[in-house]
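Because only heavy atoms are used, hydrogens play no part in the values below, and waters and symmetry mates are left out as well, while side chains stay in.
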Amino acid sequence: MDKTYDPSSIEQRRYKEWEDSGWFAPAGDGDPYTIMIPPPNVTGTLHMGHAFQDTIMDALIRYHRMLGRRTLWQPGMDHAGIATQMVVERQLNAKGVSRTDLGREAFLEKVWEWKGQSGGAIANQFRRLGVSMDWSRDCFTMDPELQDAVREAFVRLYDDGLIYRGKRLVNWDPVLHTALSDLEVLSEEEDGFLWHMRYPLADGDEHLVVATTRPETMLGDTAVAVHPEDERYAHLVGREVALPLTGRRIPVIADDYVDPEFGSGCVKITPAHDFNDYEIGQRHSLEQINIFTIDAAINDNAPEDYQGLTREDARKKVVADLEALGLMEKIEPHKLMVPRGDRSGKVVEPYLTDQWYVRASVLAKPAIEAVENGSIRFVPENWSKTYFEWMNNIEDWCISRQLWWGHRIPAWYDADGKAYVGNDEDDVRKRHSLGPDVVLTQDEDVLDTWFSSGLWPFSTLGWPGETQELKTYYPTSVLVTGFDIIFFWVARMVMMGIKFMDDVPFHTVYIHGLVRDHAGQKMSKAKGNVLDPLDLIDGIDLEALVEKRTSSMMQPHLKAGIEKATRKDFPDGIPAFGTDALRFSFLASATTGRDIRFDLHRVEGYRNFCNKLWNAARFVLMNTEDKAGDTGDMTYSLADRWITSALARTTRAVHEHVAEYRFDLAARALYEFTWNEFCDWYLELAKPVLTSEGDEHASDRRGTRKCLLRTLEALLRLLHPMMPYITEEIWQRVAPLAGVEGDTIMLQPFPADDDGTVDEAAEADIDWLKQFVLGVRQIRGEMDISPSRRLDVLLAGASDADRTRIADHGTYLASLARLDSVNFLGEGDVEPPAAAALLGDMRILVPMAGLIDPEAEINRLQRQLGKVQQDLKRSEGKLGNEKFVKNAPEAVVATERTRVEEGRAAVSQLEAQIERIRLLIPGE
RNA sequence: AGGCGCGUAGCUCAGUGGUAGAGCACUACCUUGACAUGGUAGUGGUCGGUGGUUCGAUCCCGCCCGCGCCUACCA
């Protein structure tokens, strides 16, 4: 094995073996364990969030596969209607071609081309991450089979009266020319104005004042509303206002919606361009006057002067014209929530159009119950609140989009515009007995992407066919996803799953946090702080990183800032850390209910961890590889028994943590075992045994070699779900020596939680040894005694137990504490001047003999004494408190008593020791 | 406006009703035959503030301060 761990020489080779061998497919006859991947959009490449999420899923999948479950991880990608169409459209625009130039069919060809490219890049990224998805089942939401599923779902929902078509106010994106669902609209607070405008009464010379944030919409006003109990305006209700600029007369109405405290207490009502006003309009049968074109420019329903103006220009002109007429009372600065399309970033316009809707509240009911009754469990649990909050207030879901890329709505219209729904045109004619003379045209629109995503857990398994896969793998085991799509996706899958499969789509929803940059900022292309997971795996130099972050930007003016920040944050680019280090970083950061601040230093730390494991393996191999022929009796040493016990504890902990989705704790348990127990202590303890000479130690050597191999082999299996590559690479060499057969570690059994038993006696002995060694090291470290200098130590006050331990395990001490000799001081023996460490009642003495500065030793002992005294005081204080002794549990009181006892002994030992040394200092 | 979450070492984060932990960073020493991507020893915290419950609170409860996020129709 190479001296240094080099991931690049391992990873791609290993992945190819796994994939070529077909090991990712479900196998065996264990209980099924299934995860459906949240299909990434084919809009670009995988980002850190994907890598994080996929690592979690892969760890779960590999863990359960090793436990013998029949494990399916369903891969796939999402066509992502709006997002993908925009990407391709922008590319065309860059070449001076518009979507409409090409026409629908040719445009769709371009999108499919893009899908090929982007999908290929994503598939490559997936593989580099080491994910063990069953590629043979790879799916795309626009695959013919999935299109069938989508049509089937639409038709069934329609037949059940759960889908309807209607002209309603929708969120209209005037740039993309499509309707959006409520979820696709992001509202943010922005600075604006509140314009107070005077509306004269049609008769008489009174006027009232309305306040608005959107003065241009007054061109579509069809009423002014006041609160029914507002005495100021009671006499106006039922009268008419002469709407300025338009020459129209509109009524003054009374409606509860109006807040008399706000502004003047009068509200202009524009039913065609405001959701509240729409409702009020419905209640009062008001006319709806649409004043916008699909581009949100003023249309022919407005006075001629305004026609053709953009909404921004129209606003300016309306304001100016009202001012000229003396009808502008005042203009105040005002903060308001501005709704923008999540893709286009442009202000969304409430707009009257014909759209298709799903009656969501009907589907939501059983979906709410499923979480209430525990059929579906959120991890962490508090996300169920978010889910309930939305589901209990769910609005009908607008599912039609005026796009080209997506699932075409399976509805056909006759010449009169009557809609017929069916799987295809033939089906429609058959179902509705329409003769060939009736001309049918299919709806031009496509479905919201989330409509097909909602079917994902069963459409990927062959639904609406009654396949064996559906029977076996539905419902799935767990959904791993981010909180940002609980509404978009999780809720829809639950509704659709229960509707069509009569069962929940998954039993557990594990919600992970967001991956942010080191400063806690959300990663985004516009901020220029995104990281490509591949760049952490392979490394990237600074110039390439800057280029990557600043090229193909939508807002070129941000370029300089991004470049500057990148040069500051990554002065040396990014080193190659390898997949395993990246994966381990993700898992170790996966605490519950918390976003991740992604820190490169942490990845570096886990890269070092990989190196540590690598070298530990090298040590084991180096001591066992040429010893295969050395067979015979084996005896297991104290260290062997101890590490076996520690391994059993660690194994148990890993199982517990994974069961609770606490990957951070599982990762930490493994890290600590590997580094702090296996490497720091066990390998060191093994050395004196391995280097022992003579036949009388042959069985000890064989035992330790066996234990080294056995422990390492089990450790590799424990680590494999988290770090698949390095564990496979090492395992291939270790397994044969450990007597384990198999083609790959990924199909080996995961260590069971009852493997091995905890050996408390061995643990206590090793603990004593550690204290001994640490005591000597501390003296060495603080007294500046060279590590290379071997020491002779004396033991004072040793008990019989201490003597037994020295006799049985003394050889370890010589090696670990670098001692030449260990001797006991008898009762009457003269005690030489020495530095001392306490181990219970025993004192470990390192004679000074020029090694040690008495004053420094006194200082050191006094610091220790200070601490012991402080602790003692606290314990004595507690025991002096009657209430504590009376109320605290017996065990706690007993612990305190022991502490006092030991503390007092330590204090007197330390004081005596300080006295002894003080005598050595001349003049004292 | 409502809901959720966060505040622990310089940084990133675990954690527990009973003497506060890790990694990184920092200091000193060390090329000891696995590993300098390393080893050994060490420095560093009134656990955001304030009341309460308790024998005992960093942990449970109330309030306050600061910071996020999510929902919501105040023109």
Does B/C69 have OP1 or OP2 under 4.0 Å away from a side-chain N or O of A/Lys522?
no
Only residue of A/Phe586, A/Phe577, A/Tyr671 satisfying ring-ring contact (aromatic ring centres under 6.0 Å, His included) with A/Tyr606 is A/Tyr671
Given the C1' atoms of B/G42 and B/C60, what is the spacing between them in whole Å?
37 Å
Would you please confirm or rule out a distance under 4.0 Å between OP1 or OP2 of B/C13 and any side-chain N or O of A/Thr591?
no
Using purine N1 to pyrimidine N3 plus N6-O4 or O6-N4 for Watson-Crick, or N1-O2 and O6-N3 for G-U wobble, each under 3.5 Å, what pairs with B/U27?
B/A41
Look at the side-chain N and O atoms of A/Arg780 and state whether any lies under 4.0 Å from the OP1 or OP2 oxygen of B/C29.
no
For B/U37, does the base pair up with any side-chain atom of A/Arg607 as donor and acceptor (N or O, under 3.5 Å, distance only)?
yes
Would you say A/Asn608 places a side-chain N or O within less than 4.0 Å of OP1 or OP2 belonging to B/G38?
yes
Answer yes or no: is there an ion pair linking A/Arg168 with A/Asp396, defined by an N-O contact shorter than 4.0 Å?
yes
With respect to the phosphate group of B/A75, does any side-chain polar atom (N or O) of A/His334 fall under 4.0 Å of OP1 or OP2?
yes
Rounded interatomic separation in angstrom, taking CG from A/Asp255 and C1' from B/A75:
13 Å
With a cut-off of less than 4.0 Å, is there a side-chain N or O of A/Arg594 near OP1 or OP2 of B/C6?
no
What integer distance in Å separates A/Lys335:NZ from B/C73:C1'?
20 Å
CE of A/Met48 to CG of A/Asn529: how many Å apart, nearest 0.5 Å?
11.0 Å
So for A/Arg818 and B/U32, does any side-chain atom that can act as donor or acceptor lie under 3.5 Å from a complementary atom in the base?
no
Backbone of A/Thr579 reached by a side-chain donor or acceptor of A/Glu11 within 3.5 Å:
yes
Distance check: side-chain N/O of A/Trp390 vs OP1/OP2 of B/G2, anything under 4.0 Å?
no
N/O donor-acceptor pair, side chain A/Lys385 with base B/C4, under 3.5 angstrom
no
Spacing of A/Leu670 atom CG relative to B/G23 atom P, expressed in whole Å:
16 Å
I want to check one thing: is the phosphate of B/C55, taken as OP1 and OP2, less than 4.0 Å away from some side-chain N or O of A/Asn887?
yes
Say you pick atom C1' in B/U40 and the same atom in B/G66; how far apart are they, in whole Å?
42 Å
Do the side-chain N or O atoms of A/Lys3 get closer than 4.0 angstrom to the phosphate oxygens (OP1, OP2) of B/A36?
yes
Has the side chain of A/Arg874 got a donor or acceptor that lies under 3.5 Å from a partner of the other kind on the base of B/U19?
yes
